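Here's the structure, in structure tokens; my notes come after.
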Amino acid sequence: MSSDELSRLNDELREKEREIKRLKNLLEQNHLSQNTNQADPLNPLSQRKRLTNEEISRYSRQLILPEIGVQGKEFIYNNHICQLSISSKSVLIVGAGGLGCPSAVYLAAAGIGRLGIVDYDEVELSNLHRQVLHSEAKVGVTKSVSAAEACRSLNSKVEYVPYHLQLDSSNAIQIIQEYDIVLDASDNVATRYLLNDACVLTKKPLISGSALRFEGQLTVYNYANGPCYRCLFPKPPPPETVTNCSDGGVLGVIPGIIGSLQALEALKIAAGQESSFSGKLLMFDGMEGTFHKIKLRGRQPMCVVCGDNPSITTLIDYQQFCGARADDKEKSLNVLSPEDRISVQEYRDILNAKKRHLLVDVRTSVEMEICKLPTSVHNLPIADINKTDKINELKEAIHSVTSDSMDKLPVFVVCRRGNDSQTAVKQLRTCLDGGRVEVKDIRGGLHAWAKSIDKDFPTY
Ligand SMILES: Nc1ncnc2c1ncn2[C@@H]1O[C@H](COP(=O)(O)OP(=O)(O)OP(=O)(O)O)[C@@H](O)[C@H]1O
Ligand SMILES: [Zn+2]
């Protein structure tokens with residue numbers, strides 16, 4: 001067989017594999033959504049009086065725990081109080097990502113009655129290092145379905161309700177009111193406020209987790225007369241001060257630990273026990289190997305949502321309130337005029353024609369190690385853009401390229417996605433000599449380069 005024929009067959013195979021994945025996805029979604037039309041109310045969970053022999057065997061190692069047996073408050077049936085209360089409770093997990101995967105798997109394994117899993121996104125390869133319920137075969141599959149399916153293969157006795165949607169003001173109350181406990185495993189501030197207000201309005205405990213880099217945090221809001229998120233943070237942080245995993249990075253095991261702790265709190269609450277984190281914040285530093293638990297201020301009578309005279313009695317527009325989107329999809333900044341930017345195709349042509357220029361990469365040095373364009377790259381991280389010594393280094397680099405030439409030196413600025421590079425162009429124009437250099441942004445950055453010019457160029 002000729003190499004052309006082989007490559008044609010390989011292409012065909014890949015195309016068929018994609019189609020199979022798409023069909024599987026559709027089938028799974030259909031299968032898991034049976035009787036769970038998102039608009040229809042869910043059937044109440046049955047209040048079980050005893051466990052089957054199979055359940056006694058499956059849950060035996062947690063059934064024999066005397067602490068839970070003695071202190072369980074709600075159900076007192078033989079010595080199975082904990083398990084029966086757990087299996088009669090429902091938990092809604094918002095986000096099937098780094099926190100949602102470990103929490104879902106432990107809640108499913110422990111035999112929670114019903115597990116709702118909300119996520120609008122699909123599985124990506126870059127999720128797999130921490131979103132451990134998903135697998136290579138699930139790349140491209142909706143996360144809520146993938147997570148529910150993985151949990152189902154672990155414990156088919158649990159009822160799973162995947163919601164492939166973005167939780168927002170139009171649907172949050174309707175969905176949340178069907179559950180006993182809510183877990184915030186999302187990754188953005190707008191969703192945090194939405195969940196907080198919806199949980200206060202529907203009187204549900206909210207187990208909130210977060211993880212970034214080597215650190216994680218955990219607390220429980222709106223439970224046992226403790227504070228809500230707004231009691232502590234009445235105002236959202238300025239959007240530019242918020243970093244997510246996609247920009248800041250995270251070691252997978254950190255959300256693994258925090259997500260597991262969220263599941264533990266959910267099980268304690270489901271079993272009618274107290275939570276260890278109402279009005280308390282757990283701070284975990286994975287690098288130092290330390291856990292600190294600090295006391296938070298209590299519920300605020302003046303709180304606008306859980307206070308004595310609340311002004312928020314229905315959900316609001318949280319994206320507007322936070323000045324930030326409720327997802328972490330690539331945001332495209334557009335602060336330069338078209339003539340101040342060039343496309344990746346234009347830059348490729350400049351390279352091919354070997355035109356004199358300087359390429360400035362404004363990513364961090366760690367990112368530079370992952371990948372970079374090989375052409376005369378000068379590294380000036382965006383965080384250093386105002387530092388005099390760094391600007392002087394750039395001026396020297398410009399000088400070494402311009403030498404005696406009278407023409408203006410084209411300086412092109414690149415970053416990962418084409419946002420920081422625009423900010424950098426604006427800044428550099430204020431401190432470089434406009435008579436000697438012409439600074440422009442490469443539109444869409446290295447992502448655009450990988451997409452349109454070099455399919456072998458890595459993206460991260
Ligand atoms: N309002 C929302 N409704 C539904 N799902 C949400 C909402 N907000 C966030 N999520 C989901 O929460 C999950 C959070 O997961 P995680 O923090 O691990 O980030 P990610 O978006 O998957 O990864 P990365 O930032 O690396 O691309 C994501 O899967 C995201 O789609
Ligand atoms: Zn409050």
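All ligand and atom numbering here is 1-based and tracks the order in the structure. All values derive from a computational prediction rather than experimental measurement. Both backbone and side-chain heavy atoms feed into the values below; hydrogens, waters and symmetry mates do not. Positions are given from 1 along the sequence.
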Checklist outcome for this item: For S186, the ligand 1 atoms with a heavy-atom partner under 4.0 Å come out as 8 (N), 9 (C), 12 (O)

Checklist outcome for this item: Within 4.0 Å of some non-hydrogen atom of A326, the atoms of ligand 1 are 8 (N)

Item to check | Subset of ligand 1 atoms that lie under 4.0 Å from at least one heavy atom of K143 | outcome: 20 (P), 22 (O), 28 (C), 29 (O)

Item to check | Residue pair Y59 / N155, side-chain donor-acceptor N/O under 3.5 Å | outcome: yes

Checklist entry - Within 45° of the six-membered ring axis of Y179 and under 6.0 Å from that ring's centre, is NZ or CZ of K204 located there? => result no

Next on the checklist: Any atom of ligand 1 sitting under 4.0 Å from a heavy atom of G100?
Outcome noted: no

Checklist entry - If you draw the axis of the six-membered ring of F321, does the NZ or CZ of R230 fall within 45° of it and under 6.0 Å from the ring centre? => result yes

Item to check | Ring centers of F284, F291 separated by less than 6.0 Å | outcome: yes

Next on the checklist: Does only the side chain of L165 get under 4.0 Å from ligand 1, or the backbone, or both, or neither? Count heavy atoms.
Outcome noted: backbone

Next on the checklist: Would Q83 and Q62 count as a side-chain hydrogen bond (donor to acceptor under 3.5 Å, both in side chains) here? Give the steps.
Outcome noted: CA-CA 8 Å; Q83 195 60 48; Q62 63 195 47; 2.8 Å; yes

Next on the checklist: Using a 4.0 Å heavy-atom cut-off, which part of A190 comes near ligand 1: side chain, backbone, both, or neither?
Outcome noted: neither

Item to check | Distance-only donor-acceptor check, side chains T290 and D285, under 3.5 Å | outcome: no

Checklist entry - Partners of A198 by side chain to side chain contact (heavy atoms under 4.5 Å, CB included), sequence neighbours excluded? => result A172, I173, I176, L315

Checklist entry - For E124, is the nearest heavy atom under 4.0 Å from an atom of ligand 1? => result no

Checklist entry - Are a donor atom and an acceptor atom from the side chains of S421 and D441 found within less than 3.5 Å of each other? => result yes

Checklist entry - Under the 3.5 angstrom rule, does the side chain of H134 hit a backbone N or O of A96 as a donor-acceptor pair? => result yes

Checklist entry - Near Q131, which atoms of ligand 1 are under 4.0 Å from a heavy atom of that residue? => result 16 (P), 18 (O), 19 (O), 20 (P), 22 (O), 23 (O)

Checklist entry - What atoms in ligand 1 come closer than 4.0 Å to a heavy atom of N188? => result 8 (N), 9 (C)

Checklist outcome for this item: The atoms of ligand 1 lying under 4.0 Å from a heavy atom of G95, numbered in the order shown, are 11 (C), 12 (O), 13 (C)

Checklist entry - Of all the heavy atoms in D327, does at least one lie under 4.0 Å from an atom in ligand 1? => result no

Next on the checklist: Tell me whether N244 reaches ligand 1 (any heavy atom closer than 4.0 angstrom to a ligand atom).
Outcome noted: no

Item to check | Atom CD1 of I316: over 12 foreign heavy atoms under 6.0 Å | outcome: yes

Next on the checklist: Tell me every residue that passes side-chain hydrogen bond (donor to acceptor under 3.5 Å, both in side chains) with R348, counting only those two or more places apart in sequence or in another chain.
Outcome noted: none

Next on the checklist: Salt bridge or not between K203 and D180? Use side-chain N to carboxylate O under 4.0 Å.
Outcome noted: no

Next on the checklist: Under 4.0 Å, heavy-atom basis, I'd like to know which part of T191 is in contact with ligand 1: side chain, backbone, both or neither.
Outcome noted: side chain

Checklist entry - Any idea which atoms of ligand 1 are less than 4.0 Å away from a heavy-atom of L167? => result 1 (N), 2 (C), 3 (N), 4 (C)

Checklist outcome for this item: Numbered in order shown, the ligand 1 atoms found under 4.0 Å of a heavy atom of G98 are 15 (O), 16 (P), 18 (O)

Item to check | For D456, side-chain hydrogen bond (donor to acceptor under 3.5 Å, both in side chains) partners two or more places apart | outcome: none

Item to check | the Zn ion (ligand 2): protein N, O or S atoms that are less than 2.8 Å away, sorted by chain | outcome: C228 SG, C231 SG, C303 SG, C306 SG

